[in-house]
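Remarks on the structure that follows.
Bear in mind the structure is a predicted one, so any value in this text is a computation, not a measurement.
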Amino acid sequence: MQYCKTRVVDAPMAAGKTTKLIKWIKEVHSYHPVIVLVERNSEVDRLKEALGDLVVSIKDEAENKRSRKIDVLNEHVADGNTVVSTHALMEYWDEGFLENVQFHKYELVIDESLSHVLEPIKIASRDIKIFLEDKRLIVQKENKYSRLTVSKEDSEGWCLPEGYKNLERKILNKCVYLQEKEKENANGAKEYILIEAMNPEIWSYFNQVLLMTYLFKGSVMEYYFQLHNIKYIPMGLSPDGQFVNHEIINGERYRPLVTILDSYNNWDRYKDRKRTYRDGLSVNWCEHEAKGKNRLKMIQKKLRNTFEYLQRTQGITKEDFAFTFHKKFLKDIRCSHVGVLRDINKFWDDKNRHNMTEKDIRNITFLPQTLRGTNMWSHKKVMCYLSNTHLHGSISSFLQGKGVDIDNDVFALSQMIQWIFRGCIRNGERMTVWIPCQRMRHLFLKWLGYSEAELF
């Protein structure tokens, strides 16, 4: 039997995964250097504080040297040092970096599933078509998934024209797949999409890989593993912090802590062409050509009314309140009652948050729905999940076309639970949750242990 070097520790939020991660790094450090990847810079600081001189913070080193983070990472990995950084730097790992990883027999620890292992690339279909016809982009015949390569042509060794160099780098360092849309455009021409995937060979360079997450089965990363036939061992975490056999754990123990609003709900429901009721609050629902603008105004009104209701009944302030929705519509649904847009944008732009006061930060109300792996918002007493979440349509159709088993409800539940658990419930405190979309609310209620008869 082939040795399986990847372990996935699948345990609920606040189960002690970070504590175990810190302990594990301290144990492994003396045998093998470790690359630790977390989602956000705040978690880099947290691990650096816990591990001290055992680990190099790439963020801090880059700031001190006024260098690029990837250059600092390359330098320390070449020396075989244990480092901590964010998921985002994986984008820049090249062959030289991976050779150093293999030489020093690095361990890789990832806190929370990677969301960027599969992503659509923003490029016009007509440009893809031109590059294919000119043979600048070539489909590798030996690859069953229509993986692309390039033919280097110009004097500097590039194939694609100026403006597409980033795409060419992705094709060279990652996997980029060609996906043909099912429907042709209005002129009867083929429509193309490019899907980028992390190079599956990355995992083979590490001595061992440890991933800490929850509901891995519903994550994009698990679908990526299926796509590339990457084997892993699912594991759990015992109350005393030991690795144990994996078992599915729902949220029944959290039910007494959660009050779910039984009002201000279901206003997004509509009848489709077959006169069947459907849930709204999806991206497509908001982008409806005739009704989209009015729907966004309705969301803004409902959000404001719910905040004011909770102000009257629970005495909450912006400091206690958090909401999420599809980020592209933030400016359309936010109002001054529920957050200052200038401060929201300033905070989520890492470059500008350093000059914000602690009070300003605690009053941030919008948290991206992909947020996970941080306890920075554990003072929030009200969490409002407005989104009707689905796996990106291009990614979903690509995976299904390659025989990957997709469960949209588990994906949505995973995203929602991770977001809700950024709030005070992770401290064992009572929390109010508002989920107006019936589909999403029922998924959460069932996870908490509600029976079909108890759903509302």
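- The number of heavy atoms from other shown groups lying within 6.0 Å of NZ (Lys48) is above 12.
- Using cut-offs of 30° and 60° on the angle between ring planes, the pair Phe216 and Tyr232 is perpendicular.
- Of the N and O atoms on the side chains of Gln438 and Asp279, not one donor lies less than 3.5 Å from an acceptor on the other residue.
- Salt-bridge annotation for Lys302 and Asp268: absent, with no side-chain N of the basic residue lying under 4.0 Å from a carboxylate O of the acidic one.
- Using cut-offs of 30° and 60° on the angle between ring planes, the pair Trp348 and Trp377 is tilted.
- For the pair Glu61 and Lys69, the salt-bridge criterion is not met [side-chain N within less than 4.0 Å of a carboxylate O].
- Note: Phe325 and Phe329 have tilted aromatic rings, judged against thresholds of 30 and 60 degrees for the angle between ring planes.
- Between Ile35 and the choices Ile110, Val101, Val209, the side chain to side chain contact (heavy atoms under 4.5 Å, CB included) rule is met once, by Val101.
- Side-chain N/O atoms of Gln418 and Glu112 include a donor and acceptor closer than 3.5 Å.
- In this structure, Phe421 and Trp447 have perpendicular ring planes: the angle between them is above 60°, well past the 30° mark.
- Two residues are said to be in side-chain contact when any heavy atoms from C-beta on lie closer than 4.5 Å; Leu210 and Val9 meet this criterion.
- Asp45 places no side-chain N or O within 3.5 Å of a backbone atom of Ser42 that could act as its donor or acceptor partner.
- Looking only at distances, a side-chain donor or acceptor of Arg439 sits under 3.5 Å from a matching main-chain atom of Thr389.
- Note that Arg255 lies in the cation-pi zone of Tyr450, set by a 6.0 Å cut-off to the ring centre and a 45° limit from the axis.
- Listed for the His288 side chain is a donor-acceptor partner under 3.5 Å among the backbone atoms of Ala290.
- Arg295 places a side-chain N or O within 3.5 Å of a backbone atom of Trp285 that can act as its donor or acceptor partner.
- Ring centers of Phe307 and Phe321: under 6.0 Å apart, within the cut-off.
- Side-chain contact, Gln314 with Thr432: a donor N or O sits under 3.5 Å from an acceptor N or O.
- Atom CD of Glu27 has more than 12 neighbouring heavy atoms from other residues, nucleotides or ligands inside a 6.0 Å radius.
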Intermediate values then yes/no, salt bridge (charged side-chain N to carboxylate O under 4.0 Å, His left out), Arg46 and Glu43: CA-CA 5 Å; Arg46 181 183 175 191; Glu43 294 306 294; 3.1 Å; yes
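- Formation of a donor-acceptor pair under 3.5 Å by the His326 side chain with backbone atoms of Leu281 is found in this model.
- Gln226 places a side-chain N or O within donor-acceptor distance of the main-chain N or O of Asp405, the cut-off being under 3.5 Å.
- Residues Ile202 and Leu98 meet the side-chain proximity criterion, which asks for heavy atoms closer than 4.5 Å.
- Taking the ring axis of Tyr385 as reference, the NZ or CZ atom of Arg441 does not stay both within 45° of it and closer than 6.0 Å to the ring centre.
- For Asn81 (side chain) and Val77 (main-chain N/O), no donor-acceptor pair under 3.5 Å exists by modelled atom type.
- Under the 4.5 Å side-chain criterion, counting only non-hydrogen atoms from C-beta, Pro234 is not in contact with Asp10.
- Closest heavy-atom contact between Met416 and Leu443: CE-CB, 4.3 Å.
- Lys271 contributes no side-chain N or O that, together with a main-chain N or O of Arg278, makes up a donor-acceptor pair within less than 3.5 Å.
- Under 4.0 Å is where a charged nitrogen must lie from a carboxylate oxygen, and between Glu319 and Lys359 no such pair does.
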